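Data first, discussion second: the structure below is written as structure tokens.
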Amino acid sequence: TPNRRLAVIACNVTENGGDGVSTAGSIDVLLANSHFDANTLKGVDVNDLQCPDNGTVSLHASSCRWFGNGQSGLEADLAAAPLASGSGTFLVRIDNCRFELNGADGLLLDQEHEGQPGFSADIEVRGSLARGNRLAGVHVDADARGTVVLTDLRCTANATDGVQVTSET
């Protein structure tokens, strides 16, 4: 379990020339009551959320808005930490968020730990809206062990799928 935490609470992160927020590593991420709007690239890019051996890392977002970003609104790649070989857990909770008019997926959660059979993800997205995104509203790339629960979503007028669950493995 990491001893590093990032909390972005009640912030407006807008109109930046790159990503609104970019983070990587073995870190717990909390996003709450914030707006990530009109950034040239992604609203928030978590690349990679790295889980250490025999540990747990988390990404929690609640009551946030991703609007009009040039690429994805929120994109998170879930990966085992370098040299990890045991087990680990990713806890992802997205509650009451809005993903609107982004240039790619509104929300993209990508399990990149398929080469590590001991790692798994527990993903829950609930009470959220994904509208008018250039690709899918909500996209989960479920390449590895895990559970995905989608509850009380409203996905409308996205250019491709409202909800897209894929796997390359």
Side-chain angles (χ1 to χ4, degrees), residues 6-24 28-49 57-79 89-114 120-169:
L6 168 65
V8 179
I9 301 170
C11 292
N12 288 306
V13 183
T14 63
E15 300 180 40
N16 294 289
D19 296 319
V21 173
S22 178
T23 184
D28 287 320
V29 179
L30 170 65
L31 309 169
N33 301 311
S34 295
H35 294 170
F36 307 94
D37 299 342
N39 296 290
T40 300
L41 299 177
K42 298 166 185 158
V44 174
D45 186 17
V46 181
N47 183 25
D48 294 326
L49 183 64
V57 290
S58 64
L59 167 62
H60 290 210
S62 64
S63 301
C64 290
R65 180 181 75 193
W66 287 267
F67 182 89
N69 294 290
Q71 296 177 3
S72 297
L74 169 59
E75 182 173 326
D77 297 323
L78 313 179
T89 303
F90 300 91
L91 299 176
V92 179
R93 298 287 180 272
I94 311 295
D95 295 311
N96 300 310
C97 290
R98 299 175 70 92
F99 304 91
E100 298 181 272
L101 301 174
N102 294 292
D105 295 313
L107 170 64
L108 172 57
L109 302 172
D110 190 355
Q111 288 183 266
E112 294 286 344
H113 53 97
E114 60 266 30
S120 66
D122 182 3
I123 298 170
E124 184 174 356
V125 182
R126 63 181 175 190
S128 295
L129 167 72
R131 179 185 67 82
N133 296 289
R134 279 236 165 143
L135 294 176
V138 174
H139 180 184
V140 179
D141 191 14
D143 287 332
R145 276 191 330 119
T147 301
V148 177
V149 177
L150 308 173
T151 306
D152 193 26
L153 299 183
R154 182 169 179 222
C155 299
T156 184
N158 296 289
T160 62
D161 301 314
V163 174
Q164 182 179 31
V165 179
T166 57
S167 177
E168 296 142 10
T169 56

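Start at 1 with the first residue, then count along the sequence. Keep in mind it's a predicted model, so treat the numbers as computed, not measured.
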Query - Donor-acceptor pair between Ser58 and Asp28 side chains, under 3.5 angstrom - result: yes

Considering all heavy atoms, the nearest [X]-[Y] contact:
{"X": "Ser34", "Y": "Cys11", "answer": "OG-N, 2.9 Å"}
{"X": "Phe99", "Y": "Ile94", "answer": "CZ-CG2, 3.9 Å"}
{"X": "Cys97", "Y": "Ser63", "answer": "SG-N, 3.8 Å"}
{"X": "Asn158", "Y": "Ala130", "answer": "ND2-O, 3.1 Å"}
{"X": "Ser128", "Y": "Asn96", "answer": "OG-N, 3.5 Å"}
{"X": "Leu31", "Y": "Trp66", "answer": "CD1-CZ2, 3.9 Å"}

Sequence neighbours excluded, which residues qualify as side-chain hydrogen bond (donor to acceptor under 3.5 Å, both in side chains) partners of [X]?
{"X": "Asp143", "result": "Ser167"}
{"X": "Asn39", "result": "Asn16, Asn69"}
{"X": "Asn33", "result": "none"}
{"X": "Asn12", "result": "His35"}

Residues which pass side-chain contact (heavy atoms from CB on, under 4.5 Å) with [X], listed by chain and number, not counting sequence neighbours:
{"X": "Arg126", "result": "Asp95, Glu124, Thr151"}
{"X": "Ala159", "result": "none"}
{"X": "Arg134", "result": "none"}
{"X": "Ala79", "result": "Asp48, Glu112"}

Query raised in the report: Do the non-hydrogen side-chain atoms of Lys42 and Val21 ever get within less than 4.5 Å of each other?
Result: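 No, their side chains stay 4.5 Å or more apart.
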
So, using salt bridge (Lys or Arg N to Asp or Glu O under 4.0 Å) as the criterion, who are the partners of [X] when residues are at least two apart?
{"X": "Glu100", "answer": "Arg98, Arg131"}
{"X": "Asp141", "answer": "none"}
{"X": "Asp77", "answer": "none"}

Query raised in the report: Backbone N or O of Thr14 within a donor-acceptor pair of the Asp37 side chain at under 3.5 Å?
Result: no

Report summary line: Per side chain to side chain contact (heavy atoms under 4.5 Å, CB included), Leu78 is matched among Leu59, Val92, Val46 by Val92

Could you go through residues 103-111 and list every donor-acceptor pair under 3.5 Å that involves a side-chain atom there, pairing it with any protein atom two or more places apart or in another chain?
| residue | atom | partner | partner atom | Å |
| --- | --- | --- | --- | --- |
| Asp105 | OD1 | Ala136 | N | 2.9 |
| Asp105 | OD2 | His139 | ND1 | 3.2 |
| Gln111 | NE2 | His113 | NE2 | 3.1 |
| Gln111 | NE2 | Ala144 | O | 3.4 |
| Gln111 | NE2 | Arg145 | O | 3.0 |

Requested in this report: Apply side chain to side chain contact (heavy atoms under 4.5 Å, CB included) to the pair Ser72 and Asn102, showing each step before the final yes or no.
Outcome: CA-CA 6 Å; Ser72 297; Asn102 294 292; 6.0 Å; no

